[in-house]
Structures are given as structure tokens and as C-alpha cells.
Amino acid sequence: MARELPKTYEPQQVESRIYEMWEKGGYFHAEKDESKKPFAIVMPPPNVTGQLHMGHAMDATLQDTLIRFKRMQGYNALWVPGVDHAGIATQIKVEEELRKEGLTRYDLGREKFLERVWDWKHKYGNRIVEQQKKLGASCDWDRARFTMDEGCSKAVREVFVSLYEKGLIYKGSRIINWCPNCVTALSDAEVEYVDKPGHLWHIRYPLADGSGEVVVATTRPETMLGDTGVCVNPNDERYKNIVGKMVILPLMNKQIPVVADDYAEMEFGTGCVKMTPAHDPNDFEVGLRHNLEVIRVLDDNGKVNALGGKYQGLDRYEARKQIVADLEAGGYLVKVEDYSHNVGTCYRCHKDVEPIISAQWFVKMKPLAEEAIRVVKEGETKFVPERFSKTYLNWMENVRDWCISRQLWWGHQIPAWTCEDCGHITVSREDACQCEKCGSTRIQRDPDVLDTWFSSALWPFETLGWPEKTEDYNYFYPTDVLVTGYDIIFFWVARMIFSGCAHTGKTPFHTVLIHGLVRDNQGRKMSKSLGNGIDPLEMIHMYGCDALRMNMVTGNSPGNDMRFYVERCEAMRNFANKLWNASRYVQMNLSEDAVNGLPALENLEIADKWVLSKLNNLIGEVTENMEKYELGVAVQKIYDFIWDTYCDWYIELTKARLYSEDAGRKQTALQVLVYVLDQILRLLHPFMPFITEEIWQSLPHEGEALIVAKWPEFSEKLAFQEEQSHMESVMEAIRAIRARRTEMNVPPSKKAALFILTSKHQIYQEGEGFIQRLAYADTVTLLDREPDHLEGMVSITTADAKLYIPMGQLVDKEKELARISKELESARKFLASLEGKLSNEKFVSRAPEAVVNAEREKAQKHRELIARLEQSLAAMQKL
RNA sequence: GGAGGCAUAGCUCAGCUGGUUAGAGCGCAUGCUUCACACGCAUGAGGUCACAGGUUCGAGUCCUGUUGUCUCCACCA
């Protein structure tokens with residue numbers, strides 16, 4: 001019974017329906033089940049403010065492919081989704097909204113402002129989730145989490161307090177990276193260095209005793225307002241006599257000391273460095289060693305503060321201009337050089353970051369890094385590809401304390417209360433009402449919130465119930481694979497690993513699968529400002545989700561960037577269509593009572609055994625590739641099998657039987673067609689979930705859905721070596737005939753007789769029908785010896801046969817001679833190289849036996865081929 | 001300054017622990033209204049696997065160096 005199916009696959013008609021079916025079926029949901037092995041992935045939570053982009057598409061595709069593969073393999077597969085509160089990004093978004101109403105967050109006050117953010121979150125927070133569903137993500141949505149939900153808040157509180165109790169969290173005044181635009185501290189990882197053209201100003205600082213002067217150079221003259229010393233190298237003969245003397249700070253007219261410290265390099269500039277301990281991390285260190293005063297001259301908005309004298313109130317850049325002008329007027333400016341240098345910028349707003357001394361909370365990293373280094377060094381967590389473990393280790397081994405406080409309102413507020421009476425800081429799991437030291441109730445909670453990554457760092461275990469020892473936690477934790485881009489190894493992966501080690505005693509996953517960035521077709525990063533981003537949803541709309549997913553994995557290897565070509569989506573759409581039509585062919589021929597499963601082995605014909613044997617090999621290889629995370633290689637093999645082996649050959653090979661009257665043979669062919677298609681669909685499902693499910697549902701099948709069908713397994717029973725090679729002999733003949741006919745411009749419609757001279761009659765008897773149909777022969781005759789009349793015959797030589805086609809006038813004797821000679825020459829050349837190898841005693845004795853045998857076989861085949869070609873040539877010459 | 005990636009067909013890229021007469025997609029050429037598919041079929045052209053050494057019976061694949069290119073980390077005023 002033929003089913004009416006459209007000629008082209010229409011993903012829009014299929015995807016939402018299938019997705020709904022999966023969701024309703026509860027196939028995404030995983031519960032503890034001791035009879036199954038768990039396999040868990042936690043999704044890198046996208047920002048609530050986020051819009052789905054190609055990076056998400058890449059991320060989600062890889063994870064979903066792995067999860068679906070494992071689910072089919074019988075694992076209890078859990079993919080935990082969630083969304084990140086994204087401190088700065090979200091706060092900025094809501095503040096922008098407020099600005100339209102002419103308000104700032106200060107107008108609302110903290111509480112009201114946070115209400116607004118939560119409103120915003122409830123309104124838009126689900127948008128990215130809906131978009132992920134469009135990608136076919138088979139996450140357990142019942143377990144969707146938010147980094148600010150109750151459980152996560154509890155986990156954050158627990159971690160903060162316990163680290164504090166262990167002395168691994170402290171509050172201190174340090175030089176931190178300050179973004180005057182976002183008005184908050186940033187961690188080192190949040191600063192991006194950009195090479196910018198600037199100037200090096202050389203400034204004269206006169207000695208206080210009038211005995212001379214020193215010249216210092218700076219790229220940030222405005223910081224001189226906070227200078228509290230000048231530094232020279234202790235070994236610098238030029239300045240030996242001024243160490244300990246005072247110099248006069250121009251414009252500020254105050255005396256500051258000259259100190260000697262290794263930090264100053266004799267070779268750079270004049271060898272004298274001005275010291276601004278409040279605005280430069282190195283100067284701060286030198287200042288500590290030499291007891292220099294710390295004077296902060298910039299406020300939180302990047303304006304000069306009261307300590308900046310007459311420059312107070314000027315923005316840092318205006319102040320710079322003014323100061324340079326004043327220095328010049330005062331004769332202090334020696335010279336100005338063009339100087340290009342790296343400037344730290346904010347990863348969010350890209351404005352220049354200002355190093356500023358400030359009281360912030362830090363995580364002491366050295367003790368935590370130890371275990372995080374060990375687990376990677378000893379392979380408890382492996383990076384794929386391996387080279388990223390080097391990146392990770394290098395960072396972890398040189399890690400500096402992590403600045404975790406942010407001067408924002410949106411985020412996990414720091415659970416620390418300062419006593420207004422005794423100054424003691426109370427850190428507590430429960431909200432504190434009084435000072436734990438003096439009992440005073442006059443305590444103030446620290447207004448700052450934690451770095452967003454502080455909560456993301458706990459993601460693999462907080463989402464499974466930690467700090468409670470829940471069933472889920474015990475069963476699914478540690479998770480298995482983490483999939484993410486190399487751009488957040490430091491931000492996130494590193495912090496999850498040390499957090500997991502510190503709080504759960506286990507590394508949170510055994511494998512980190514790293515992928516590259518998706519770039520535009522010119523290799524540029526996709527970005528809003530360039531406007532070169534391609535919307536995944538648009539691609540899904542145009543070509544279907546499966547095509548987009550295929551684009552993400554084919555021809556891509558872990559860790560490498562990829563360029564996004566719309567053309568490849570199109571190619572993958574075409575592939576989907578190919579598969580669609582192959583199954584249409586099968587279904588059109590299917591009878592009402594069709595069953596699935598293999599026919600009895602004794603009914604199988606050569607083509608069936610050939611395809612089954614090839615399929616069997618494919619299953620083995622693909623499974624191995626998938627297990628090694630070589631998804632691109634795996635999918636390429638599946639693609640080739642479907643298009644080349646199944647569609648271009650097997651389907652063609654079955655046509656004679658399907659259109660014949662022999663019900664038994666027809667039935668066998670159909671059953672094999674269905675069987676192989678079913679297996680193909682299973683192999684392809686993790687990559688192209690929608691179309692495979694849709695087709696599978698319409699075929700005879702056991703079980704509810706392909707998403708939970710069993711992953712195919714290699715079977716010894718289905719390895720048919722001999723039949724496979726016989727079939728390939730026939731195929732070689734067919735290809736050779738087609739090639740010759742094309743060369744001679746003979747159209748397919750023009751059939752011709754075919755004579756086959758071979759010692760392997762059986763092979764060609766079995767293959768006769770195929771040759772007839774696919775090589776346009778009207779009759780096929782098997783011969784034992786050369787035909788009598790070679791005049792007007794084209795001869796074609798293959799590895800085990802000679803084929804003759806009478807082509808009469810079309811045959812050009814000279815051309816034929818030239819062609820055969822050419823073939824002969826190349827065969828001889830190749831044989832010579834093989835024989836060279838085989839006569840090399842070292843090769844025979846040292847190469848593995850299998851390799852040597854393979855070479856011997858090849859040589860033998862070529863000897864036979866050459867013999868046949870020589871015969872042909874001789875016969876041709878006689879004519 | 002330190003670390004790493006990439007360099008293979010006109011373009012974009014695969015090629016796993018060394019053994020294929022080096023592959024794919026797109027593009028190109030020629031032919032085909034072949035009863036699943038023109039989002040198709042058939043046939044074909046196109047590669048000194050950046051360069052120079054080395055290890056090996058054997059190197060696109062491993063090692064060293066060179067050149068070009070990209071990225072990350074650190075940051076000397």
C-alpha cells in the first residue's frame with residue numbers, strides 16, 4: 001500500500017510535531033534507576049538575557065548528539081538544562097529599560113530594582129529555552145534550573161561560608177580591575193587586553209634639594225596625582241646617590257621619596273619609574289615593600305576625586321589633557337613619544353579598565369588549585385582534544401586570587417555583615433541579626449554581590465541537589481562529559497573543576513569536550529557590532545533543524561573553529577531530502593502486512609549480503625568514533641553509507657527484484673531494504689533527530705520511538721566477506737562500462753550486447769541482472785575464451801574479467817590502442833612499486849604480516865590485470 | 001616575553017594510535033525528462049599534502065628547524 005508522501009522533505013511540517021511527541025512521551029526525563037548506568041551532561045547555562053546564536057547551536061548540537069547516542073546505547077541519559085542570571089549583562093539590560101522611563105536603579109532603590117529584574121526574568125527568561133527546543137535539544141526540562149533559584153542560592157551560601165571558615169575567602173584592599181562605566185570590580189579573566197596607540201610622556205621631577213632632577217615616563221599621566229614615590233634599580237650607578245632623597249611632584253607640589261627596587265629596569269626609558277600604588281598593581285607591590293603612601297585619586301566613576309587637588313571632578317581623560325597641558329606650561333614635560341601598548345578593557349562594555357585599590361572579596365586560589373591540577377594531570381578529567389589540558393594547567397599553575405565581589409545589585413548578595421560597633425565581620429549560612437563577636441544588632445550587610453561565575457562554578461553539583469546528598473546527586477554525580485567552547489575554559493571549566501574537588505571531593509566530569517568558535521564565511525567572529533551574525537533560527541526555518549545540526553558537526557573536529565557556510569546547510573538539506581526519498585521508495589513498495597527484522601539468512605542474495613556486511617562494518621566504526629568523540633568522522637561515514645552505498649547502489653540493485661513477479665525474492669529485498677533503513681535511521685538519529693524519527697515512525701517498527709530505540713551493534717553473523725568482494729567485482733565492471741560509454745558519448749538509452757570473459761563465472765552469473773540494468777546491456781554472455789570477432793568491439797579490463805561491447809563504427813582502433821597502452825603502463829608502474837616493496841627484505845620482515853599480505857594480494861591482482869591488458873593489446877594490434 | 005593552533009583539490013575543510021593508487025561538500029566540465037529523489041543520476045577534470053632536514057622497511061600522519069598565518073596567556077613604566 002503506497003502512502004502518499006511529499007516529494008521533498010518538509011521540516012516545518014515535522015519538527016514541532018515530533019518534538020511535542022518526545023516531550024509528551026517523557027523521553028527526555030531521567031530518574032534514578034539502579035539497573036541502568038547513568039550518563040549525565042550539564043548544559044552550560046546561557047544568559048537569561050541571551051538570544052540564541054550559532055555558538056549555542058554548536059554547543060547544543062554536540063551535547064544533544066552525545067546524549068541521544070548514550071540514551072540509545074541504554075544509558076540512563078540525563079541532560080540538565082538551565083539559565084544563568086548573568087549579573088552585569090542582565091542588570092545593564094534592565095537599567096537600559098529604566099533609562100527609557102527616565103529612571104536609574106538608585107531612584108528605585110535596591111529592593112524595587114531587584115523586583116524589576118525578576119519581572120524581567122519571568123517575562124523573557126524563557127525565550128532562550130524555547131529557542132533551544134527548536135534545536136531539538138533533548139534536555140530534561142523538568143529539571144531546568146536557574147543560577148539564582150532557591151537551591152543554587154543555598155549552594156552558593158554554603159560554599160561561601162565554608163570557604164570563609166577555611167580561610168580561603170578573605171576581604172582585602174588590593175589593586176583590582178575596575179570598570180568605571182559598569183561601576184564594578186572585574187576579575188582578571190574579565191579583562192580583555194587590546195593593543196591601542198597611545199603616548200609615552202616623559203616628565204621631569206626635580207630633586208627637592210635642588211641638586212638636579214629625574215625624568216620618569218608614563219602612559220597614564222593623570223595617575224601622577226597619586227604618585228607617592230619614584231623607583232630606581234638598586235644596581236643603577238646613575239641614580240645611586242639619589243636613593244633616599246626626595247623629589248618634588250610637579251603640579252601637586254609635594255615631596256615624595258626615591259626608593260630602590262629591582263622592579264625598575266635600567267634599560268627601559270630613563271630607568272626611573274613613578275610609583276602610584278593606588279592605581280597600578282606593580283607599584284602597589286613596590287609600595288608595600290617600601291612603605292609608600294597609597295593615595296587613590298580616581299573615584300568609582302573614573303573621575304578625579306578630592307585628593308586630586310584642582311583636577312577634582314574631571315573625567316580621567318579630561319584630567320589627562322589638562323595635566324599634560326599644565327606640565328608643559330610648567331616646563332616639566334620633557335618629550336612625548338608615540339607608544340602603542342596593551343590596555344585592559346571591560347569584557348562587557350569594552351571601555352578601558354582602571355586599576356584601582358579597593359576593598360574586595362577574594363578567593364585564595366593556591367590551595368584550591370593544587371587538587372584541580374592533580375585531577376587533570378592524573379587524567380581523572382581529560383580534555384578532548386588533549387592539548388587544552390595544557391592551556392588549563394598553565395592557567396591553573398599561575399592562577400592568582402579570584403576577585404569575587406561585584407558592585408552590582410543583581411546577583412547573590414555576599415553573606416557578610418559588618419558590625420558598626422566593633423567592626424567585626426560576621427559570615428553566616430543564615431541571615432545574621434547580630435554581631436557574632438560583640439552581639440551588637442547594629443550590623444550592615446555587605447551590599448556587594450558575587451561574581452556570576454561563582455555560582456556557575458557549582459553548576460554540575462548544585463543542579464543535582466547539592467549540598468543535600470540527594471538521590472540524584474548520589475546517582476548522577478560526578479557527571480560525565482562537559483561540552484563547551486575553548487573561550488570559557490578559564491571562566492568556567494577551571495572554576496567548576498576546583499569547586500567540584502573542594503566541595504564534593506570529586507572532579508565534576510571525566511571528560512571536557514572542547515569545540516571551537518563558529519565564524520562567518522570570511523573567518524571573522526560573529527558579532528553584533530559587525531552585523532555578520534547568522535541567526536540559527538533563520539537557518540532552521542529555511543533548511544530545517546537537522547540540516548543546521550549536520551552543518552555543525554560535519555567536517556569539523558574538536559577544538560577547531562569552523563566557518564559557517566549557508567551553502568553547507570543547503571547541502572545538508574539536500575541530504576535530508578535524499579534520505580526522505582530513499583524511504584519513500586521503500587514505503588511505496590511496502591505491503592500492508594510488512595514486518596521488520598531480517599529475512600532468513602538462506603534467502604539473502606549477493607546484493608543483500610553485500611549491503612548487510614557493509615552496514616555491519618559501518619556500525620562498528622561509527623560506534624567507535626562516537627565513543628572517542630569523533631563525531632565529525634562518524635557522521636561523514638554515515639552520510640557516505642546512506643548516499644553512496646544505500647541510495648546509489650543498494651536501492652538500484654533491488655529494483656529488478658522489486659519490480660519482478662517473484663514474490664519471494666521481492667519480499668526478501670524489501671525486508672532487507674527496511675532492515676538497513678531502520679539501522680541507518682538509528683545511526684543517524686543523534687545527528688538528525690527529526691527526520692529520522694519521522695521516517696522511522698512510518699516504517700514497521702517495534703517500540704514507541706526511535707529516540708529510545710536500541711543503538712545498532714556489530715554482529716559476526718552479518719560479516720559476509722566473500723559476497724562483499726564478489727559484489728564489488730560486479731560493481732567495478734559496471735563502473736568501467738559506464739565510464740567507457742560516457743567517453744564514447746553513448747547515451748544510456750542505447751543498449752548494447754555485452755560479453756564477459758572471466759574465470760569466475762559464478763560471480764558474473766549472479767551479477768548478470770545488475771550489469772544488464774546498471775550498465776545498459778541488453779544481453780550478457782559469459783565466455784571462456786576470447787571472442788572470435790574483435791572487429792568493432794570495445795574491450796574493458798577489470799581486476800578479474802574482460803568485457804567486450806560491440807560498438808561497431810564508434811570504435812576508433814587507434815584510440816583504443818592508445819587507451820589500453822596507457823592503462824597497461826600505469827598498471828605496470830604500480831606493480832613495479834609493489835614488487836619493489838615486496839622484494840625489500842626489510843619490509844617483508846618488519847612490516848606487520850597483514851600489511852605484507854595485503855600488498856601481495858594487490859600485486860597478484862595487478863599481474864592478472866596486466867596479463868589481460870597485454871592480451872587485449874596484442875589482439876587489437878592484430879586487427 | 002611565554003604557550004598553542006593552522007598551512008592538504010578553485011573555495012571551505014576531514015584524514016583517529018604512521019601502511020588507502022590522498023577524501024568530502026561546494027564550485028567546474030560533459031551527458032541524462034532511467035518507473036524514490038533535478039534538493040536528482042552518470043561520468044570526468046583538478047593535489048610536488050607550506051619549505052628544509054631527520055627517524056622508519058614505509059611519513060599528509062612522528063621529531064627538529066624555517067616561513068606564513070591565527071589565537072590564548074603575561075604585561076616593562
Side-chain angles (χ1 to χ4, degrees), chain A residues 5 7-9 188 193 200 216-220 223 231 263-265 267-276 280-283 339 341-342 344 385 387-388 390-391 394-395 398 486-487 489-490 516-517 521 523 543 547 554-557 559-565 567-568 570-589 624-625 628-630 632-633 636 639-640 647-648 651-652 655 658-659 735 738-743 745-749 773-774 776 826-827 829-830 833-834 837 840-848 850-852 854-855 858:
Chain A
L5 288 172
K7 258 179 136 173
T8 49
Y9 172 61
D188 292 340
Y193 287 89
L200 195 55
V216 298
T218 181
T219 53
R220 295 189 299 153
T223 62
C231 178
Y263 167 69
E265 284 193 29
E267 290 74 28
F268 191 92
T270 58
C272 295
V273 198
K274 62 192 259 324
M275 291 289 112
T276 321
D280 183 284
N282 292 306
D283 295 4
Y339 189 72
H341 62 137
N342 272 342
R387 70 184 128 95
F388 288 103
K390 219 172 197 174
T391 311
N394 186 47
W395 187 80
N398 298 298
Y486 59 71
D487 51 332
I489 291 178
F490 307 136
L517 268 40
N521 59 7
Y543 301 107
T554 44
N556 193 225
S557 56
N560 288 353
D561 290 353
M562 73 170 304
R563 293 190 195 199
F564 191 94
Y565 278 88
E567 290 89 331
R568 196 153 71 202
E570 203 175 308
M572 291 306 147
R573 188 265 326 255
N574 294 352
F575 172 64
N577 196 235
K578 187 73 184 171
L579 177 62
W580 179 254
N581 276 292
S583 76
R584 215 158 63 89
Y585 164 79
V586 173
Q587 285 171 36
M588 280 165 51
N589 289 291
E624 196 184 323
N625 289 136
K628 286 153 76 178
Y629 307 103
E630 293 161 2
V633 180
Q636 186 62 245
Y639 179 102
D640 288 343
C647 293
D648 288 347
I651 282 184
E652 295 306 321
K655 280 185 177 167
L658 284 207
Y659 299 133
R735 278 198 203 96
R738 283 172 177 169
R740 289 269 40 226
R741 289 177 59 110
T742 304
E743 250 175 78
N745 287 319
V746 184
S749 53
R773 191 179 179 92
L774 302 178
Y776 326 105
S826 86
K829 225 166 142 184
F830 187 58
S833 85
L834 287 172
K837 250 191 205 176
N840 182 343
E841 191 275 325
K842 280 180 177 169
F843 171 72
V844 178
S845 63
R846 294 193 197 180
V851 173
V852 178
E855 297 298 292
K858 262 190 246 167

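These numbers were taken from a predicted model, which means no experiment stands behind them. Chain identifiers are assigned alphabetically (A, B, ...) following the order of the sequence lines, protein sequences preceding nucleic acid strands; residue numbering begins at 1 within each chain.
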Applying a 3.5 Å limit to both distances, which nucleotide forms a Watson-Crick or G-U wobble pair with [N]?
| N | result |
| --- | --- |
| B:U17 | none |
| B:C6 | B:G68 |
| B:G58 | none |
| B:U12 | B:A24 |
| B:C41 | B:G31 |
| B:G46 | none |

Check: [Y] and [X] side chains under 4.5 Å, non-hydrogen atoms:
| X | Y | result |
| --- | --- | --- |
| A:Val851 | A:Phe843 | yes |
| A:His341 | A:Leu200 | no |
| A:Arg584 | A:Lys7 | yes |
| A:Lys628 | A:Val633 | no |
| A:Asp648 | A:Lys578 | yes |
| A:Thr219 | A:Tyr339 | yes |
| A:Gln636 | A:Asp640 | yes |
| A:Arg738 | A:Leu774 | yes |

Between [N] and [M], how many Å separate the two [atom1] atoms, rounded to a whole number?
| N | M | atom1 | result |
| --- | --- | --- | --- |
| B:A36 | B:U17 | P | 44 Å |
| B:U48 | B:G40 | C1' | 37 Å |
| B:U66 | B:G19 | C1' | 29 Å |
| B:U30 | B:C63 | P | 46 Å |
| B:A9 | B:G60 | C1' | 14 Å |
| B:G53 | B:U67 | C1' | 15 Å |
| B:C28 | B:G10 | C1' | 8 Å |
| B:G18 | B:U33 | C1' | 50 Å |

Fill in the blank from the handout: With sugar-phosphate taken as primed atoms, P, OP1 and OP2 and all else as base, the protein-contact string of nucleotides 25-40 of chain B at under 4.0 Å (heavy atoms; B, S, -) is S---------BBB-BS

Figure out the [atom1]/[atom2] separation between [X] and [N], and round it to whole Å.
| X | N | atom1 | atom2 | result |
| --- | --- | --- | --- | --- |
| A:Asn521 | B:U12 | CG | C1' | 10 Å |
| A:Tyr486 | B:C73 | OH | C1' | 14 Å |
| A:Arg735 | B:U21 | CZ | P | 16 Å |
| A:Tyr193 | B:C73 | OH | P | 10 Å |
| A:Leu774 | B:A42 | CG | P | 10 Å |
| A:Leu834 | B:U21 | CG | C1' | 9 Å |
| A:Tyr565 | B:A24 | OH | P | 19 Å |
| A:Asp487 | B:C73 | CG | P | 10 Å |

Fill in the blank from the handout: Note: for A:Tyr263 and A:Lys842 on RNA chain B, the residue whose nearest nucleotide lies more 5' is A:Lys842

Handout entry: Backbone N/O of A:Leu517 and side chain of A:Asp561: donor-acceptor pair under 3.5 Å
Key = yes

Under 3.5 Å, N/O pairs linking protein and nucleotides 3-7 of chain B:
unit_1	atom_1	unit_2	atom_2	d
B:G4	OP1	A:Lys390	NZ	2.9

Please work out if [X] contacts a base, only the sugar-phosphate, or nothing of the nucleic acid, heavy-atom cut-off 4.0 Å.
| X | result |
| --- | --- |
| A:Phe830 | base |
| A:Arg220 | nothing |
| A:Gly632 | nothing |
| A:Ala264 | base |
| A:Gln636 | sugar-phosphate |

Exercise for the section: Evaluate the ring planes of A:Tyr585 and A:Tyr659, with Trp represented by its six-membered ring, and classify them as parallel (under 30°), tilted (30 to 60°) or perpendicular (over 60°). Expected result: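 A:Tyr585 vs A:Tyr659 ring planes: perpendicular.
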
Problem - Ring geometry between A:Tyr486 and A:Phe388 (parallel below 30°, tilted from 30 to 60°, perpendicular above 60°) - result: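 Because their plane-to-plane angle is under 30°, the rings of A:Phe388 and A:Tyr486 count as parallel.
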
Completion exercise
Picking from B:G15, B:A77, B:C75, the nucleotide nearest the side-chain atoms of A:Asn342 would be B:C75

Exercise for the section: May I ask you to verify if any side-chain N or O of A:Tyr339 is less than 4.0 angstrom from the OP1 or OP2 atom of B:A77? Expected result: yes

Exercise for the section: Report yes if a side-chain nitrogen or oxygen of A:Arg563 is closer than 4.0 Å to either non-bridging phosphate oxygen (OP1 or OP2) of B:C13; otherwise report no. Expected result: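 Result: yes.
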
Handout entry: Residues in salt bridge (Lys or Arg N to Asp or Glu O under 4.0 Å) contact with A:Glu855, at least two apart in sequence or another chain
Key =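 Listed in chain order: A:Lys837, A:Lys858.
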
